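Keep in mind it's a predicted model, so treat the numbers as computed, not measured.
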Amino acid sequence: MGPISWIIFGALAGWVASLLVGVEERQGCLMNIIIGILGAFVGGLIMDLLGFGGANFGWDVRSFGVAVLGAIVLLAITGRTRRQRR
């Protein structure tokens, strides 16, 4: 995938993850993109650690699910650190 595809894929994955976690009104489009792209990386690491490795850089349901899973993990971590600072 090219950089434009990563941005679109990340935006979709980050948006879906933010809907599932319930933070969609607090973060904007740019944050969805960042969380989605980083979530794809984190999700890939998690899947590799669980033995479901093999990098897949295509647009498919498995890749999207892994990206959303990683984004949810990131949102959970960042949500916990935000609550601790208050």
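At a threshold of 4.5 Å between side-chain heavy atoms, the hydrophobic network of Ile, Leu, Val, Met, Phe, Trp and Tyr places Leu69 and Ile77 in one connected group. Note: the hydrophobic cluster containing Leu49 does not contain Val42 (ILVMFWY, side chain heavy atoms under 4.5 Å, direct or indirect links). In the hydrophobic clustering of this structure, Leu19 groups with Phe64; members are Ile, Leu, Val, Met, Phe, Trp, Tyr whose side-chain heavy atoms approach within less than 4.5 Å, directly or through other members.
Here the shortest heavy-atom pairing between Ala13 and Ala67 reads CB-CB, 3.7 Å. Between Asn32 and Ser18, the shortest heavy-atom contact is OD1-OG, 3.6 Å. The two residues Val66 and Ala40 come nearest to each other via the heavy atoms CG1-O, 4.4 Å. Across every non-hydrogen atom of Ile72 and Leu20, the tightest pair is CD1-CD1, 3.8 Å.
Residue Ile37 holds its CD1 atom at 12.0 Å from CG of Leu74, rounded to the nearest 0.5 Å. Within the model, atoms CD1 of Ile33 and CZ of Phe9 stand 13.5 Å from one another, a figure rounded to the nearest 0.5 Å.
No donor-acceptor pair under 3.5 Å is formed between the side chain of Ser63 and the backbone N or O of Asp60.
Within a 6.0 Å sphere centred on CD1 of Ile4, other residues, nucleotides and ligands contribute 12 heavy atoms or fewer.
The closest side-chain heavy-atom distance from Trp15 to Ile35 is not below 4.5 Å. In this structure, Val16 and Leu12 have side chains that are not in contact, with every pair of non-hydrogen atoms separated by 4.5 Å or more.
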